[in-house]
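By convention in this document, chain letters (A, B, ...) are assigned in the order of the sequence lines, proteins followed by strands, and residues within each chain are numbered from 1. Keep in mind that this is a model prediction, so the values were computed, not measured.
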Amino acid sequence: MNNYILMMVTAIFANNILLVRFLGNCPFVGVSTNLDSAIGMSGAALFVNVLSSCITWMVYTFILVPLELEYLKTVAFILVIAALVQLVEIILQKVAPALYRSLGIYLPLITTNCMIFGVAVLNVQQKHTFMQTLVYSIATAIGFDLALIILAGIRERFSLGRIPTLFQGFPVALITAGLMGLCFYGFVGIGQ
Amino acid sequence: MSPVITAILVMGALGFCLSLFLGIAAKLFFVEVDPRIEIIADLLPGANCGGCGYAGCSDYAEAIIKDNVPPNKCVAGGANVTEAICSILGVKVSLEERKIVRICCRGDNEKAKKNFIYKGANDCYAAILSTGGDKACKYGCVGLGSCVKACPFGALSMGDNGIPVVDETQCTGCGSCVEACPRNIPKLFPASQKVAPLCSSHAGGKMVKSVCSVGCIGCGICAKKCPEKAIKMVNYLPEIDIKRCNGCLECVKKCPTGAMVDLINISSNNQEENQKADAA
């Protein structure tokens with residue numbers, strides 16, 4: 001149990017997937033302009049991440065390893081993730097059209113999101129058990145959501161502030177993201 | 001079995017299972033979309049000007065199909081687009097006359113009195129909020145070009161004397177500038193309208209006289225002299241019933257300040273000037 005808690009804290013803070021491992025930075029900058037779509041993206045990312053990690057782990061453990069096809073894991077994982085994202089898209093379009101529209105292009109982009117694929121690969125590289133895979137994928141997705149929502153909250157405030165013309169839009173977002181990354185590096189020292 | 005064949009078989013089976021799964025999901029969560037919406041959205045100009053009263057072209061296309069909104073509201077696309085949409089819907093074409101925007105103020109830097117020199121933010125709203133605008137006339141054009149910035153078709157430009165100029169060949173009558181003006185100076189008129197008062201002042205004659213040399217003083221001479229009784233004075237400004245107006249230009253000739261303007265001639269004059277400018 002202790003191990004799981006430690007794993008979660010590490011994945012959320014010390015090894016935050018966005019700010020320390022730098023995976024999945026496209027939606028981090030792209031969808032963080034307003035809080036609503038950031039929360040929607042967080043939900044979608046959490047769902048896809050957990051589901052794809054579990055399924056890719058099963059595909060790897062029960063299909064690829066017994067047949068000695070480990071070298072195919074990149075192709076197989078991408079296939080699984082793409083199908084899953086497509087599934088999420090179909091369901092969202094039916095169940096929550098407003099969320100579907102606000103996510104726009106970023107939902108299909110989860111297909112090639114480095115975080116989703118990265119977590120899937122990390123799981124098999126670190127030889128996680130299924131339970132560990134589940135916990136690790138939830139934790140990394142929460143880390144992703146945390147950073148994304150914090151940045152979206154900050155960027156919403158920017159619309160009220162006076163920002164020099166030169167820095168408006170992406171420049172100031174990137175600077176903020178960099179400073180957030182520095183803050184999260186502070187967590188690396190925990191437990192040492 | 002060689003590893004190559006195993007690999008091909010495994011990946012093929014994996015792909016097949018996933019695609020089967022997706023196919024079932026697509027059937028289960030099928031969202032019915034009328035294919036005509038997309039076709040109509042493609043036909044519309046895609047400028048998202050909002051002239052039809054909807055948020056954008058695709059919104060309007062959706063409204064045409066779902067809420068039976070008449071297909072003739074796209075002012076930017078004009079008759080061609082309306083006809084094309086009508087042919088898809090299978091309804092008869094009903095055209096709305098083309099509208100052109102006119103700047104209903106001629107009080108430029110020379111003709112209108114200014115109270116002070118404004119050096120604030122270059123935006124009509126900002127000027128009115130902070131100082132009420134530099135002109136003495138509180139109905140007149142502020143002259144900072146919020147309408148020019150709002151025009152999605154590049155039909156407006158700021159004239160030399162601080163009053164926007166309409167390029168009638170470019171104007172689609174979408175009304176973006178009407179929305180953008182804090183004082184309702186740009187107004188939409190049917191393209192065939194022959195005369196109009198290019199002044200927006202609801203102030204009385206003495207007041208107008210003291211601040212502008214081309215403002216409408218509300219004397220009502222145009223209304224009295226009109227042989228067709230097409231002009232009615234409302235709140236110190238003439239209103240023209242275009243169905244009655246025969247284009248005799250009596251009102252233009254009799255107007256003591258020149259606020260009533262012959263629109264047809266203005267257009268041809270403008271066009272000649274444009275041509276001269278192009279030639280030069």
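- Contacts between L69(A) and chain B at a heavy-atom distance below 4.5 Å involve the side chain alone, from C-beta outward.
- Looking at F30(B), the atoms closer than 4.5 Å to chain A (heavy atoms on both sides) all sit in the backbone: N, CA, C or O.
- Residues L18(B) and V80(A) approach most closely at CD1-CA, 3.8 Å, considering heavy atoms.
- Listed by chain and number, the residues in a side-chain hydrogen bond (donor to acceptor under 3.5 Å, both in side chains) with E68(A) amount to none (sequence neighbours excluded).
- In K113(B), the NZ atom is not crowded: 12 or fewer heavy atoms of neighbouring residues, nucleotides or ligands sit closer than 6.0 Å.
- Within a 6.0 Å sphere centred on CD of E38(B), heavy atoms belonging to other residues, nucleotides or ligands number 12 at most.
- Taking a 6.0 Å sphere around OH of Y54(B), one finds it holds more than 12 heavy atoms contributed by other residues, nucleotides or ligands.
- Heavy atoms of other residues, nucleotides or ligands lying less than 6.0 angstrom from OH of Y71(A) number more than 12.
- Highest contact tally toward chain B, considering only L72(A), I91(A), V75(A), I63(A), is held by I91(A) [criterion: heavy-atom pairs under 4.5 Å].
- Closest approach of L22(B) to A83(A), counting heavy atoms only: CD2-O, 3.5 Å.
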Donor-acceptor contacts under 3.5 Å from residues 139-165 of chain B side chains, at least two apart:
unit_1, atom_1, unit_2, atom_2, d
S146(B), OG, D123(B), OD1, 3.1
S146(B), OG, C124(B), N, 3.1
K149(B), NZ, N122(B), O, 2.7

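- The line from CD1 of I90(A) to NZ of K27(B) is 11.0 Å long, rounded to the nearest 0.5 Å.
- Contacts between L79(A) and chain B at a heavy-atom distance below 4.5 Å involve backbone atoms as well as side-chain atoms.
- Distance check: L87(A) CG to I24(B) CD1 gives 11.0 Å after rounding to the nearest 0.5 Å.
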